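This report concerns only the one structure given below.
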Amino acid sequence: MTSINPSQFDARAERWPIAGAFTISRGAKTEAVVVVAEIARDGHTGRGECVPYARYDETPDGVLAAIEAMREPVLRGLDRAGLQAAMPPGAARNALDCALLDLDAKLSGRRAWDVLGVAAPRAATTAYTISLGTPEAMAEATAKAAARPLLKIKLGGDGDADRIAAVRRAAPKAELIVDANEAWTPDNLVRNLAACADVGVTLVEQPLPAGNDEALATIQRPIPVCADESVHARNSLEALRGRYDAINIKLDKTGGITEAIAMAEAAQALGFDIMVGCMVATSLAMAPAMLLTPQARFVDLDGPLLLARDRDGGLRYEASTVYPPTPELWG
């Protein structure tokens, strides 16, 4: 990992409309607010995109300020290794880490995975998300996506047994994973897991609130359970043993692809399956996460499919198959 001494540095917030609304247990939104970092040298520009996430006390202004605070170190040649030490995990570091790697790849004429010394990404089947709603509304949305092989169903607590049953009736052949986004409680955990098992759900993501998930270690889990809000970077892995069977790696949590790759290796060594996930964002945010597809049991990179439009030159999606990025997009 070498210093690349960039000559230009920029960051900005962008707003991308969502097709309809995206609804989870914490609320609904109609647009994705992303932050893009750009670092340039010798006619080449490296780009990285992140999503400031309120669940982790992030705001667009705060992330922009954190990126701007790194302007001078980056212009003096701070590399990705130094960035890991200089910034905590989170959205701001993700944008800069991915921009630096993109620039390094462009300057060297290599692909990002060759720069990192990892396997090339592969075309993968991505999950497609069904937003939280009434059983009837979710069944209607599911019916429109029933031909997709993998659906991710957002649940929200009370009434989830009816929701997942309605979804299964609408998509009898699809593989289903569900995401409760911390909305279940120890009182309804066993009941909701059983309802999911009854309709053949493959995986349940973050059923209990982070920091209040002890009950997962005391029950018989009829379905594998995946950590999302409970897992961030490598230092959060050890506490998950005995409670979770898989982890959802998102670059906005790990603080970039550099930590994400190291985290995936560490997680697999501990026996966890890997899901590579995303926030709702454009293809520029999905592209670096594609580097985790060789290790992932589940791929959930449908962010651009949920937008009213993607950025020009985005990832190629054919139905539910997503392909690795072109060099012009990233890496």
Side-chain angles (χ1 to χ4, degrees), residues 1-6 9-11 34-41 46-53 56-58 62-108 110-119 121 227 230-240 247-270 272 274 276-279 284-292 295 330-331:
M1 199 178 297
T2 59
S3 172
I4 54 177
N5 295 110
F9 182 103
D10 183 54
V34 307
V35 171
V36 175
E38 294 184 341
I39 304 169
R41 178 189 162 191
R47 301 186 299 166
E49 178 181 317
C50 70
V51 180
Y53 201 46
Y56 306 129
D57 299 320
E58 294 177 334
V63 167
L64 281 167
I67 292 173
E68 181 61 31
M70 299 305 297
R71 173 184 293 272
E72 290 306 316
V74 169
L75 290 176
R76 289 196 301 267
L78 182 74
D79 62 13
R80 285 182 297 109
L83 185 70
Q84 312 309 302
M87 298 183 78
R93 194 178 79 183
N94 177 29
L96 287 174
D97 184 68
C98 292
L100 285 169
L101 179 56
D102 187 31
L103 181 58
D104 198 356
K106 287 181 167 70
L107 289 171
S108 66
R110 297 180 292 166
R111 296 309 308 266
W113 45 91
D114 294 323
V115 173
L116 293 171
V118 299
S230 288
V231 63
H232 293 265
R234 276 174 289 176
N235 60 5
S236 60
L237 288 173
E238 187 62 37
L240 306 180
I247 64 164
N248 187 342
I249 299 178
K250 294 177 178 175
L251 272 58
D252 283 312
K253 294 187 300 175
T254 65
I257 188 62
T258 303
E259 171 64 18
I261 288 173
M263 184 178 178
E265 294 174 354
Q268 288 183 311
L270 292 172
F272 293 109
I274 303 297
V276 53
C278 67
M279 309 302 186
L284 181 57
M286 307 300 119
M290 286 294 296
L291 272 64
L292 294 171
Q295 296 162 286
W330 184 88

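We're numbering straight along the sequence, starting at 1. Because the structure is predicted, anything quoted here is derived from the model rather than measured.
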Does the side chain of [X] reach to within under 4.5 Å of the side chain of [Y], using non-hydrogen atoms?
{"X": "Leu101", "Y": "Pro288", "answer": "no"}
{"X": "Gln84", "Y": "Arg93", "answer": "yes"}
{"X": "Val35", "Y": "Pro52", "answer": "yes"}
{"X": "Thr254", "Y": "Asn94", "answer": "no"}

Review point. Considering the options Asp104, Asp102, Leu96, which one meets the side chain to side chain contact (heavy atoms under 4.5 Å, CB included) requirement together with Ile39?
Key: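 Exactly one pass, corresponding to Leu96.
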Interatomic spacing from [atom1] in [X] to [atom2] in [Y] - rounded to 0.5 Å:
{"X": "Glu49", "Y": "Leu251", "atom1": "CD", "atom2": "CG", "answer": "11.5 Å"}
{"X": "Ile247", "Y": "Leu270", "atom1": "CD1", "atom2": "CG", "answer": "9.0 Å"}
{"X": "Leu116", "Y": "Ile261", "atom1": "CG", "atom2": "CD1", "answer": "4.5 Å"}
{"X": "Ile274", "Y": "Ile249", "atom1": "CD1", "atom2": "CD1", "answer": "4.0 Å"}
{"X": "Leu103", "Y": "Arg41", "atom1": "CG", "atom2": "CZ", "answer": "7.5 Å"}
{"X": "Thr258", "Y": "Asp97", "atom1": "OG1", "atom2": "CG", "answer": "3.5 Å"}

- Test log, rule side-chain contact (heavy atoms from CB on, under 4.5 Å), inputs Met279 and Val34: CA-CA 10 Å; Met279 309 302 186; Val34 307; over 6 Å; no
Task: salt bridge (charged side-chain N to carboxylate O under 4.0 Å, His left out): pairs with one or both residues in residues 249-260, sequence neighbours excluded - done: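 Salt bridge (charged side-chain N to carboxylate O under 4.0 Å, His left out) check on residues 249-260 returns Asp228-Lys250, Asp228-Lys253, Arg234-Glu259.
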Glu265: what forms a side chain to side chain donor-acceptor pair (under 3.5 Å) with it, not counting sequence neighbours?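 For Glu265 there are no side chain to side chain donor-acceptor pair (under 3.5 Å) partners, ignoring immediate neighbours.
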Original post:
side chain to side chain donor-acceptor pair (under 3.5 Å) with Glu58: which residues, sequence neighbours excluded?
Top reply: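 Partners of Glu58 under the side chain to side chain donor-acceptor pair (under 3.5 Å) test: none.
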Can you name the closest pair of heavy atoms from [X] and [Y] and give their distance?
{"X": "Ala233", "Y": "Pro89", "answer": "CB-CG, 4.0 Å"}
{"X": "Val231", "Y": "Ser236", "answer": "CG2-OG, 3.4 Å"}
{"X": "Tyr56", "Y": "His232", "answer": "CE2-CE1, 3.3 Å"}
{"X": "Gly48", "Y": "Leu284", "answer": "C-CD2, 4.3 Å"}
{"X": "Ala95", "Y": "Ile67", "answer": "CB-CD1, 4.1 Å"}
{"X": "Trp330", "Y": "Arg111", "answer": "O-NH2, 3.3 Å"}

Using atom types as modelled and distance alone, determine if a side-chain donor or acceptor of Asp10 lies under 3.5 Å from a backbone N or O of Glu38.
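Here the side-chain-to-backbone pair does not exist.
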*Has the side chain of Arg47 got a donor or acceptor atom that lies under 3.5 Å from a matching backbone atom of Ala99?*
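Not at all, since once roles are kept as given, no pair shorter than 3.5 Å links the two residues.
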